[in-house]
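To keep things clear, I will list the structure first and then write my remarks on it.
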Amino acid sequence: MATKSKFQAIRGTRDLLPPDTALWHHVEETAHAVFGTFGFGEIRPPIFEPTELFARAVGGDTDIVSKEMYTFVVGDFDRLVAWREFVSNTNKIRDLDELDIYERSLSYLHRFAQESVKNGHLPDDPQIRAALATVQKTMSFAGTALNEGRRLNGLTDPDQLDREVEEAAIAAASIRPGEEISLRPEATASVCRAYIEHNMQQLPQPQKLYYIGPMFRRERPQKGRYRQFYQIGAEVLGGVDAPAIDAEVIEMVMTFFDRLKLPGVHLEINSIGHAADNCRRGYVALLKSELEKVKDKLGADSQRRIETNPLRVLDSKLEHEQPIIATLPKIADHLCDDCKTHYAAVKHELELRGVFYKENWRLVRGLDYYMRTTFEITAQGLGSQNAVCGGGRYDGLVELLGGPPTKGIGFAIGEDRLILSLQEAKDAAQAAGKQPPFIYVAWMGANAYATAVRATKDLRNAGIRVELPPTEQKFGKALERASKLGAQYALILGDNEVAEGTWTLKTLADGTQQKFTEPQLLEFLAKLK
Ligand code: HAM
């Protein structure tokens, strides 16, 4: 009986194993090739970034940032420990027996507060400065009170100390004595950060960049939804916001899917306008007031979203909310003239490129940075998690992150879902996973072995997969193992074959045999590749 392994991959993560990884390679190689023909270059940003980058770009109220990020605090370890101890001790202090702990915490805190301000370990913003001032005020009050209490064998006003300590505890808890970093939940924010950091606005515009790599979101795992998943994404940054750019970016993803023979590809587009009173802001206000009227009929999530982000109500998949949502005002009727013109032109440009699309006025996307064009692509065989790609325009994001005013548009493909869909459609997966010819070398005898080693090297150099058994096997055993491994051919090398200089190649599927000299064999195999 197999014993249960002690360690297992963490929930929502998984090992990608051969032979599946061959399909992953094929997909990624196709991305490099197709994106290259559209003039995109690869960028590899780091896997973690300051939490603030994602909070600012994706939005603090989004599910991704508020619930799903893997976040760590990093900083001077002693400082962190001291700070944590202080925060927890200030909560315990009401009991006067713990005067000692309190006093120790106070001295840590005193050092901490002074040093942090001096060496700039805490960001110099008004909130933090106010919190530190409160803590320092409490410290001096408490110091006096404690001295006095010790002298008198009891505090004169324990209630006031309580109140002061509580205020300080709240202030202390609001201070982050270190840097918060998060595993990236997406990469658009990183690409924009890199664009600014490397002054890419001084290079020819627009910059066209793509990336392939893991992302992390703490979502509930299910088919097609993982906590570590992979994205293939692309971003166009800088230059103009011509509708042809939106259309070309979409055309590129569709070309990529087409090249992979992804089945049942379906593109939906929308425009969510821009943040102005005569455009999206006006629409959202109207939507909100309409939603208030039907609030009682909506589920808890949608009710909450009326306050936090009314647009996201349109995203709801809840059955009973569908007829209600269908009656809500549509954004297309409330776009400003510029956004309306832009959207019409994007559709025209898509038609020019022969890209089929369907409009979906409810396509709002779950990240805050979008404006104007948004799109999503679904594919076959994925169940409820059927979005294989999402993207849109995000003019202004670079500026929001501290860079110059910059246009931007991009997308990200869920690679795990793309692979799942290809695997469901076996033909596509087979075509994708085409393997090089695979030969098993069945050798017997010392002379034959030396030739087998040399021949193996030559064949591998010619790009052929070769399995050379490390110890001698009887021919029968060797052929059995060759079939088990899935080899197409067995190269039979006994001392006779080596002496004659003609080798036998056995096709395992039908048992036929052909005789070749070594150059003939290489020529024959080259044709199979
Ligand atoms: P997103 O819609 O959050 O957009 O993600 C894009 C795609 O990543 C989804 O359509 C899905 O295929 C895949 N995906 C997301 N979460 C998971 C998960 N937990 N498991 C498996 N696959 C997942 C973005 O990330 C934007 N940064 C796209 C973008 C780039 N917009 C402009 N530029």
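Numbers here are sequence positions counted from 1. Just follow the structure's listing: the first ligand is 1, and inside any ligand the first atom is 1.
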> Who pairs with Asp368 by salt bridge (charged side-chain N to carboxylate O under 4.0 Å, His left out), at least two apart in sequence or on another chain?
Replying inline: none
>> Using a 4.0 Å cut-off to any heavy atom of Tyr394, which atoms of ligand 1 qualify?
In response: 32 (C), 33 (N)
>> What verdict does the side-chain contact (heavy atoms from CB on, under 4.5 Å) test give for His342 and Arg393, after you've listed the backbone C-alpha separation in whole Å, the side-chain angles of each residue and the deciding distance to 0.1 Å?
In response: CA-CA 12 Å; His342 190 271; Arg393 180 164 281 287; 3.9 Å; yes
>> I'd like to check which ligand 1 atoms, numbered from 1 as shown, lie under 4.0 Å from a non-hydrogen atom of Gly390.
In response: 10 (O), 28 (C), 29 (C)
>> Looking only at distances, can you tell me whether any N or O atom of Tyr369, backbone or side chain, sits closer than 3.5 Å to an N or O atom of ligand 1?
In response: yes
>> Between Phe256 and Ile413, is there a side-chain heavy-atom distance shorter than 4.5 Å?
In response: yes
> When you look for heavy atoms under 4.0 Å from ligand 1, do you find them on the side chain of Cys389, its backbone, both, or neither?
Replying inline: backbone
> For atom 33 (N) of ligand 1, which protein heavy atom lies nearest, and how many Å away is it?
Replying inline: Glu235 OE1, 2.8 Å
> CD/Glu292 to CG/Leu287 distance, rounded to the nearest 0.5 angstrom?
Replying inline: 10.0 Å
> Which bit of Met215 is near ligand 1, meaning a heavy atom under 4.0 Å away: side chain, backbone, both or neither?
Replying inline: neither
>> Tell me whether Gly391 reaches ligand 1 (any heavy atom closer than 4.0 angstrom to a ligand atom).
In response: yes
>> On a heavy-atom basis, I'd like to know which of Ala187, Gly224, Gly414, Pro185 is closest to atom 21 (C) of ligand 1.
In response: Gly224
>> Measuring only between side-chain heavy atoms, which start at C-beta, is Thr374 closer than 4.5 Å to Val364?
In response: no
>> I need the contact type for Phe411 against ligand 1. Using non-hydrogen atoms and a strict under-4.0 Å cut-off, is it side chain, backbone, both or neither?
In response: backbone
> How close does the nearest protein non-hydrogen atom get to atom 8 (O) of ligand 1, and which residue and atom is it?
Replying inline: Gln231 NE2, 3.1 Å
>> Considering both backbone and side-chain atoms of Tyr226, is one of its nitrogen or oxygen atoms within less than 3.5 Å of a nitrogen or oxygen in ligand 1?
In response: yes
> Would Tyr195 and Glu235 satisfy side-chain hydrogen bond (donor to acceptor under 3.5 Å, both in side chains), going step by step from the backbone distance to the final call?
Replying inline: CA-CA 11 Å; Tyr195 180 87; Glu235 317 289 349; over 6 Å; no
> To which protein heavy atom is atom 14 (N) of ligand 1 closest, and what is the distance rounded to 0.1 Å?
Replying inline: Phe229 CE1, 3.5 Å
> Backbone, side chain, both or neither: what part of Arg227 comes under 4.0 angstrom of ligand 1, heavy atoms only?
Replying inline: neither
>> As a test of understanding, state which of Arg305, Arg218, Arg217 forms a salt bridge (charged side-chain N to carboxylate O under 4.0 Å, His left out) with Asp63.
In response: Arg305
> Is there at least one pair of N or O atoms, one from Glu186 and one from ligand 1, spaced under 3.5 Å apart?
Replying inline: yes
> Given the side-chain rings of Phe35 and Tyr210, with only the six-membered ring counted for Trp, is the space between their centroids under 6.0 Å?
Replying inline: yes
> Any N/O of Ala387 closer than 3.5 Å to an N/O of ligand 1?
Replying inline: yes
> Within 45° of the axis and under 6.0 Å from the centre of the six-membered ring of Phe356, does NZ or CZ of Lys358 qualify?
Replying inline: no
>> Is a donor from one side chain sitting under 3.5 angstrom from an acceptor on the other, for Ser271 and Thr373?
In response: no
> Can you tell me if Leu367 has a non-hydrogen atom under 4.0 Å from ligand 1?
Replying inline: yes
>> Quick test of your reading of the model: are Lys330 and Asp333 salt-bridged, counting only N-O distances below 4.0 Å?
In response: no
>> Tell me the protein heavy atom at minimum distance from atom 7 (C) of ligand 1, and give that distance in Å.
In response: Ala412 O, 3.6 Å
> Does ligand 1 have a heavy atom under 4.0 Å from the side chain of Glu219, from its backbone, from both, or from neither?
Replying inline: side chain
> Could Glu321 and Lys297 be called an ion pair, given the rule that one side-chain N must be under 4.0 Å from one carboxylate O?
Replying inline: no
>> Show the atoms of ligand 1 that are less than 4.0 angstrom away from any heavy atom in Tyr370.
In response: 26 (C), 28 (C), 29 (C), 31 (N), 32 (C)
> Heavy-atom contact under 4.0 Å between Arg365 and ligand 1?
Replying inline: yes
